[in-house]
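Nothing here was measured: the structure is a model prediction, and the numbers come from that model.
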Amino acid sequence: MLDKAGVLWASAAPFKGTVSYAERRHVKNALSTGKFSSSEYSIGKLIGKPIFAFALPIKDESGDINGIAIASLDLNNFKKILAGLRYENNTNIIFADHQGTILFNALNPDLTGTRDRAELFKRITDGPNDGSFNAFGNTGTYRIISYRKLKLSHEQIPYVYVRAAIDHDKALEQVNRDFVINVMLLTLIMILMLGFAKYYCRKYLIEKIDMLQDASSRLAKGNLEVRVADKVT
């Protein structure tokens with residue numbers, strides 16, 4: 001809990017002396033807008049770990065702000081939060097704040113606190129609210145990337161960019177394998193269909209035409225005993 005100057009006066013974590021959060025993004029935004037506000041990557045002043053926080057202004061009966069409540073999430077807990085998700089082993093989940101600082105990288109946790117790949121982050125920020133594209137990821141591998149922007153309704157800038165990335169070549173391996181199997185099955189079906197069509201035409205069409213031609217030839221030679229009705233019906 002902070003006073004309206006952004007100075008801490010109560011906390012679940014022990015603290016000593018004067019601790020001010022007045023310079024933090026979520027606190028400044030909460031004071032200026034009077035609304036629930038988001039932060040950015042930072043190091044917690046009390047726990048000394050990477051965090052992401054939100055701030056909620058506390059107002060009196062007249063609507064004036066007389067304090068701020070803040071809640072901080074230890075970024076190390078993202079791994080626990082996402083542990084229940086099911087996805088392929090080579091799929092990566094990445095969270096980045098509004099400046100492009102990585103909040104969480106499932107496959108490369110050491111990248112937390114570092115800047116996202118500049119051209120990749122720009123492509124996401126310049127794009128629509130969600131989308132997919134192919135690009136090189138933070139580790140230099142070519143990947144298929146899907147992303148989504150998370151934004152509070154009254155904030156212009158998304159507070160978090162969430163994306164999932166899968167290795168392009170490995171993804172295509174499965175696609176190509178399925179494609180080859182489907183082509184082989186389709187080819188087999190076509191061969192069977194052609195064989196059936198050939199057999200059907202030979203047995204029920206060509207052979208009867210041959211019989212009619214033979215009968216016509218024999219009739220033309222004066223053989224009036226030729227009978228083919230029972231053979232061509």
Side-chain angles (χ1 to χ4, degrees), residues 2 6 8 11 13 15 19-33 35-57 68-83 85 87 90-167:
L2 314 178
L8 183 69
S11 172
F15 69 98
V19 182
S20 175
Y21 290 83
E23 83 289 355
R24 293 288 170 100
R25 179 177 185 266
H26 54 308
V27 175
K28 290 193 293 185
N29 287 351
L31 288 171
S32 63
T33 65
K35 296 180 179 180
F36 184 70
S37 299
S38 60
S39 70
E40 57 197 3
Y41 174 87
S42 58
I43 301 298
K45 293 189 176 185
L46 301 185
I47 65 174
K49 297 179 181 179
I51 62 167
F52 192 86
F54 292 92
L56 177 68
I68 295 191
I70 61 174
S72 301
L73 174 66
D74 183 343
L75 296 182
N76 292 325
N77 288 327
F78 273 129
K79 184 178 294 186
K80 297 178 183 177
I81 294 172
L82 298 176
L85 294 180
Y87 46 84
N90 64 340
T91 300
N92 200 6
I93 306 296
I94 304 101
F95 296 165
D97 69 8
H98 72 104
Q99 293 182 323
T101 302
I102 295 175
L103 303 172
F104 175 76
N105 187 308
L107 296 183
N108 302 281
D110 291 342
L111 292 179
T112 298
T114 64
R115 285 303 179 96
D116 201 357
R117 195 180 187 97
E119 62 272 24
L120 175 59
F121 185 67
K122 186 177 187 305
R123 189 165 180 179
I124 293 174
T125 56
D126 291 347
N129 286 332
D130 54 72
S132 297
F133 57 87
N134 297 340
F136 286 98
N138 287 295
T139 57
T141 57
Y142 197 58
R143 306 179 74 81
I144 300 173
I145 297 170
S146 294
Y147 72 89
R148 186 175 183 84
K149 301 175 183 179
L150 302 183
K151 181 171 62 176
L152 297 178
S153 60
H154 60 279
E155 291 186 343
Q156 297 298 317
I157 302 174
Y159 62 89
V160 168
Y161 297 87
V162 181
R163 71 176 184 266
I166 186 169
D167 186 270

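Closest heavy-atom contact between Arg24 and Ile51: NH1-CD1, 4.4 Å. The nearest pair of heavy atoms linking Ser37 to Ala30 is OG-N, 3.2 Å. Among all heavy-atom pairs drawn from Ile70 and Ala55, the shortest one is CG2-CB, 3.8 Å. Closest non-hydrogen pair, Ser11 versus Leu46, comes out as OG-CD1, 3.1 Å. In this structure, His26 and Ser39 approach most closely via the heavy-atom pair ND1-CB, 3.4 Å. In terms of heavy atoms, Ala22 sits closest to Lys28 at O-CG, 3.0 Å.
Counting heavy-atom neighbours within 6.0 Å of Arg148 CZ, excluding the residue itself, gives a total of 12 or less. No more than 12 heavy atoms of other residues, nucleotides or ligands shown are found within 6.0 angstrom of CD on Gln156.
Formation of a donor-acceptor pair under 3.5 Å by the Lys35 side chain with backbone atoms of Glu155 is not found in this model. No side-chain donor-acceptor contact under 3.5 Å links Lys49 to the backbone of Leu75. No side-chain donor-acceptor contact under 3.5 Å links Thr101 to the backbone of Asp97. Asn105 contributes no side-chain N or O that, together with a main-chain N or O of Ile94, makes up a donor-acceptor pair within less than 3.5 Å. Counting only distance, with no hydrogens or angles, the side chain of Asn108 and the backbone of Asp110 share no donor-acceptor pair below 3.5 Å. For Arg25 (side chain) and Glu40 (main-chain N/O), no donor-acceptor pair under 3.5 Å exists by modelled atom type. Remark: side-chain polar atoms of His154 are paired, donor with acceptor, to backbone N or O of Phe36 under 3.5 angstrom.
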Run Leu8 and Lys45 through side-chain contact (heavy atoms from CB on, under 4.5 Å) and show every step you take. CA-CA 11 Å; Leu8 183 69; Lys45 293 189 176 185; over 6 Å; no
Between Leu120 and Phe136, does the side-chain contact (heavy atoms from CB on, under 4.5 Å) criterion hold? Intermediate values first, please. CA-CA 8 Å; Leu120 175 59; Phe136 286 98; over 6 Å; no
List the steps and the verdict of side-chain hydrogen bond (donor to acceptor under 3.5 Å, both in side chains) for Arg163 and Ser146. CA-CA 5 Å; Arg163 71 176 184 266; Ser146 294; over 6 Å; no
Test side-chain contact (heavy atoms from CB on, under 4.5 Å) applied to Tyr41 and Ile102, step by step: CA-CA 8 Å; Tyr41 174 87; Ile102 295 175; over 6 Å; no
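Distance check, rounded to the nearest 0.5 Å: NZ of Lys149 to CD1 of Ile124 gives 9.0 Å. The distance from the CD1 atom of Ile144 to the CG atom of Asp167 is 8.5 Å, given to the nearest 0.5 Å. Residue Thr112 holds its OG1 atom at 11.0 Å from CZ of Phe95, rounded to the nearest 0.5 Å. Note that NZ of Lys122 and CG of Asp116 are 14.0 Å apart. Values are rounded to the nearest 0.5 Å. Atoms CG and CD, on Asp126 and Glu119 in that order, are 12.5 Å from each other to the nearest 0.5 Å.
Here the side chains of Ile68 and Tyr21 are not in contact, with every heavy-atom distance at 4.5 Å or above.
The aromatic ring centroids of Phe54 and Tyr159 lie less than 6.0 Å from each other.
With Tyr161 as reference, Phe121 is the one residue of Tyr147, Phe121, Phe104 to meet the ring pair (Phe, Tyr, Trp, His ring centres under 6.0 Å) rule.
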